[in-house]
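Have a look at the structure below, then the notes.
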Number of protein chains: 2
Amino acid sequence: MHSGPVASRSADPRDSRESKNGGGPQLDAVSLAIIEQLQEDGRRPYAAIGKAVGLSEAAVRQRVQKLLDQGVMQIVAVTDPLTVGFRRQAMVGVNVEGDVESVADALTAMAECEYVVMTAGSFDLMVEIVCEDDDHLLEVINKRIRAVPGVRSTESFVYLKLKKQTYMWGTR
Amino acid sequence: MHSGPVASRSADPRDSRESKNGGGPQLDAVSLAIIEQLQEDGRRPYAAIGKAVGLSEAAVRQRVQKLLDQGVMQIVAVTDPLTVGFRRQAMVGVNVEGDVESVADALTAMAECEYVVMTAGSFDLMVEIVCEDDDHLLEVINKRIRAVPGVRSTESFVYLKLKKQTYMWGTR
DNA sequence: CCCGCTTCTGCGAAATCCGCAAGCCGAGAC
DNA sequence: GTCTCGGCTTGCGGATTTCGCAGAAGCGGG
C-alpha cells in the first residue's frame, strides 16, 4: 500500500547520481525530499513527511536520525540578528601572509565571527562579523582581527540592509 | 511551583532592555532563552523548554508560535551545501550605477543567490552564490548577474574551504 | 475601582514519538 | 543457486507531546 513513486526507484540511501563526489556521505532522492520537508518546517511530524515522500513513519524517523547523527543536517532555530540585539554586521575581507589556515582557525575561534571562509581572489579570507553596536564592531575589526598573527590587511563592508537570507539548499 | 528565576523578573515579552531599538518587535530575556533552547535543538519538546526557562508548557508554545508568526525566528533544517550536491560557492561583490535597491531585488529573485546584502565600502552589494559546478557558477556570474541593468562591475571570490558557519545568534 | 488586554496556567483529548519484532525484498558475496 | 546483509514496511503498545480551551493573574488606562 505504501509503494510511493519515489521509494520504488531507489531503496538504498547511500546511492546517488554519481558516486564520485567531493563531500561526505551521499544522499538519494528520498533523503533530499525529507530535507526539503524539514526546510519548510523543522517540526513537521514524521508521519506527514512520510506521506509527502512516500515512506513510512518509522523509515522517515530512521533517516532523519541518521542524517542528524552524520551531521549532514541539523534542525535549528534561525533568527534575524536585528531582532535579537545585534545591530551591526559586516563582511571583512582579509589578506594573509604565511599560513592562511592558521589565521582562519584563529578567526573561527572568535564568537563574533559568524562565518569564515577561505577564498580565491583578492582576499584570502572572508569573515562575517555580528556585533551589538559600532563600538563592538570597531573593537573586533581593529583590535582583535588585525591582532591575529599573519593578518596583513583587512577591508570592511558594513551591512546597510540585508535583502535575502535563505536556507533552501536542495529545494530548487 | 513554576516560579522560574528568569520569568520572575519580567513577564511581558514585549519589553526589552531599551525600548528604542532599530529592529522590529522586541524580545525579553525569556524569549531569548527559548530561542537559545531551539538553537540547540529545533525539535526540543515545549515541556523541556519550559522547564529550562521557567515557564509552563502552554506558555512556551504560545511564545514560540508568536515568534514564528512574527518572523522573528524560523525552525528549519540546515545542511552542508557540499553534501547536497552544490560544489561551487562564491561571494560576489557588485558595484552599481543608479538605484542599488532595484539591483538587489533582481539578484534576490535569482535562486542561486543564497544571500544578498547592501553594504558600505568598495562594493555596493555582496552576494553569496551557491552552484552545482563550475559551468553553473560561470553562467550565473557572467551571464545572469552582469546582465542585470545597473550592474557596473563585479568581483568574485570563489570559496576554497568553509571553515565556520554557525546559527548561534543570541547564544553568546 | 473597574475594565480591557495580554499572558500564564491547568487539564483533558488527540496526535505524535519511540522502541521493538516479524517478514519482505533487492543487492552483492560466495 | 544460496546466503547474508541492509533497508523498508507493518503492526503494536506505552510514554510523551501537542493542542485547544477555560479560568486565573498581572498590568495599564479611564
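Bear in mind the structure is a predicted one, so any value in this text is a computation, not a measurement. The sequence lines fix the lettering, A, B, ..., with proteins before strands; numbering per chain opens at 1.
- Rounded to whole Å, atom P of D:dG20 lies 11 Å from atom CD of B:Q62.
- Rounding to the nearest 0.5 Å gives a distance of 9.5 Å between CG of A:L27 and CZ of A:R63.
- Here the side chain of A:N95 pairs a donor or acceptor atom with the backbone of A:S122 at under 3.5 angstrom.
- Minimum atom distance to the side chain of A:L55 is reached by D:dC8, of the listed D:dC8, C:dC17, D:dT18.
- Of the N and O atoms on the side chains of A:S31 and A:D28, at least one donor lies less than 3.5 Å from an acceptor on the other residue.
- Taking atom CD1 on B:I49 and atom C1' on C:dT9, their separation rounds to 17 Å, with Å as the unit.
- The residue B:A58 sits close to a base: some heavy atom pair falls under 4.0 Å.
- A:Q65 places its CD atom 16 Å from the C1' atom of C:dT16, with the value rounded to the nearest Å.
- Side-chain N/O atoms of B:K66 include none lying less than 4.0 angstrom from OP1 or OP2 on C:dT6.
- C:dG12 atom C1' lies 13 Å from atom CD of B:E57, rounded to whole Å.
- Interatomic distance, CG of B:L38 versus CD1 of B:I75, reported as 4.5 Å (0.5 Å rounding).
- Formation of a donor-acceptor pair under 3.5 Å by the B:D124 side chain with backbone atoms of B:V100 is not found in this model.
- Each ring-ring contact (aromatic ring centres under 6.0 Å, His included) pair with one or both residues in residues 138-161 of chain B, not counting sequence neighbours, appears once here: A:F123-B:F157.
- The bend of the helix from C:dC1-D:dG30 to C:dC30-D:dG1, defined by the angle between the axes of its first five and last five pairs, stands at 30° to the nearest 10°.
- A straight line from CZ of B:R61 to P of D:dC21 spans 11 Å, rounded to a whole angstrom.
- Distance from the side chain of A:P45 is smallest for C:dC17 among the nucleotides C:dC17, D:dT18, D:dC8.
- Spacing between atom CD1 of A:I34 and atom P of D:dG7 amounts to 13 Å, rounded to whole angstrom units.
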Carefully, step by step, assess A:E112 and A:I145 under the rule side-chain contact (heavy atoms from CB on, under 4.5 Å). CA-CA 10 Å; A:E112 290 87 352; A:I145 292 180; over 6 Å; no
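- Rounding to whole angstrom units, CG of residue A:D41 and P of C:dT16 are separated by 13 Å.
- The base of D:dG7 has none of its N or O atoms less than 3.5 Å from a complementary donor or acceptor on the side chain of A:R63.
- Nucleotide D:dT16 holds its C1' atom 14 Å from the CZ atom of B:R43, rounded to whole Å.
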